[in-house]
K.L.:
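The structure's right below; bear with me while I get my questions together.
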Amino acid sequence: MTDSISKIESVIYALKQVGFTYASKTDIGWFKLYGHLLHSTTDACACEIELDPNFIELPKIRLLEIPAKLPSVVPHLGNDGHLCYIAKGSVVLDIFD
């Protein structure tokens, strides 16, 4: 368990280094952080990231506000702001590494 705690602390620390702040734990025990996604040609987008403390599930990323200049339908962006950056089941995570 200590190794898992150490890994999640390392990830949270790394996200803090790029401007994210720890907010809370979710009802299911994931860690929630707030920050901004940056892009070289657009404004920063406020977002939240939820991290599985056991690194079994991929992180959940959600834009808190969908930029007005985006079209009404955008690939990989749900109407609730969730980003789909990889299809579930299309990657194998080695939970031991």
Side-chain angles (χ1 to χ4, degrees):
M1 185 68 169
T2 303
D3 191 41
S4 179
I5 292 170
S6 173
K7 287 178 183 178
I8 195 70
E9 286 174 347
S10 295
V11 171
I12 290 172
Y13 178 78
L15 286 168
K16 284 182 177 182
Q17 298 307 299
V18 293
F20 281 80
T21 56
Y22 173 79
S24 64
K25 274 192 165 183
T26 67
D27 293 340
I28 59 171
W30 286 38
F31 294 90
K32 185 182 288 190
L33 295 98
Y34 292 106
H36 290 85
L37 293 179
L38 305 176
H39 188 275
S40 60
T41 61
T42 61
D43 298 329
C45 294
C47 73
E48 70 179 17
I49 295 177
E50 293 182 6
L51 302 170
D52 175 1
N54 299 308
F55 297 104
I56 294 172
E57 296 286 333
L58 294 168
K60 297 176 185 175
I61 303 172
R62 183 174 70 92
L63 299 182
L64 298 176
E65 290 184 27
I66 298 174
K69 58 186 162 186
L70 287 179
S72 59
V73 176
V74 178
H76 307 286
L77 180 62
N79 62 353
D80 61 355
H82 278 94
L83 294 179
C84 175
Y85 57 93
I86 193 163
K88 193 170 186 165
S90 66
V91 67
V92 176
L93 296 177
D94 181 356
I95 64 171
F96 300 105
D97 183 14

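Note that the structure is a prediction, hence the values are computed from the model and not measured.
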K.L.:
Taking all non-hydrogen atoms of both residues into account, name the closest pair between L63 and C45 and its distance.
P.N.:
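Taking every non-hydrogen atom into account, CD2-CB, 3.9 Å.
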K.L.:
Measure the CG-SG distance between L83 and C47 for me, rounded to the nearest 0.5 Å.
P.N.:
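That separation rounds to 7.5 Å.
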K.L.:
Linking I/L/V/M/F/W/Y whenever their side-chain heavy atoms sit closer than 4.5 Å, directly or via other members, would L77 and L37 fall into one cluster?
P.N.:
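Hydrophobic grouping puts L77 with L37.
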K.L.:
Kindly work out whether a path of hydrophobic side-chain contacts (I/L/V/M/F/W/Y, heavy atoms less than 4.5 Å apart) joins I28 to F55.
P.N.:
no
K.L.:
In terms of hydrophobic clusters joined by side-chain contacts under 4.5 Å, are V18 and L51 together?
P.N.:
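Per the 4.5 Å side-chain linkage, V18 and L51 are co-clustered.
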K.L.:
Is it possible for you to say whether W30 and L58 belong to one hydrophobic cluster, with membership spreading through side-chain heavy-atom contacts below 4.5 Å?
P.N.:
no
K.L.:
Step by step, would you call H76 with V74 a side chain to side chain contact (heavy atoms under 4.5 Å, CB included)?
P.N.:
CA-CA 6 Å; H76 307 286; V74 178; over 6 Å; no
K.L.:
Going by heavy atoms in the side chains, are L33 and T21 under 4.5 Å from each other?
P.N.:
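They are not in side-chain contact.
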K.L.:
Is the shortest heavy-atom distance from the side chain of E9 to the side chain of Y13 under 4.5 Å?
P.N.:
no
K.L.:
Looking only at heavy atoms, what is the nearest atom pair of L70 and I66, with distance?
P.N.:
CD1-CG2, 4.0 Å
K.L.:
Where do L64 and E48 land on the side chain to side chain contact (heavy atoms under 4.5 Å, CB included) test, with the steps shown first?
P.N.:
CA-CA 7 Å; L64 298 176; E48 70 179 17; 4.1 Å; yes
K.L.:
Checking D80 side chain against H82 main chain: does a donor-acceptor pair fall under 3.5 Å?
P.N.:
yes
K.L.:
Just wondering, do I8 and N54 contact through their side chains at under 4.5 Å, heavy atoms?
P.N.:
no
K.L.:
So do the side chains of F31 and E50 get within less than 4.5 Å of each other, counting heavy atoms only?
P.N.:
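Answer no - side chains too far apart.
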K.L.:
Should we say atom CD of E65 is surrounded by more than 12 heavy atoms from elsewhere, each under 6.0 Å from it?
P.N.:
no
K.L.:
Would you check if F20 and Y34 make a side-chain contact, meaning some heavy-atom pair closer than 4.5 Å?
P.N.:
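Not in contact.
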K.L.:
Got a sec: does the OH of Y85 have more than 12 other heavy atoms crowding it under 6.0 Å?
P.N.:
yes
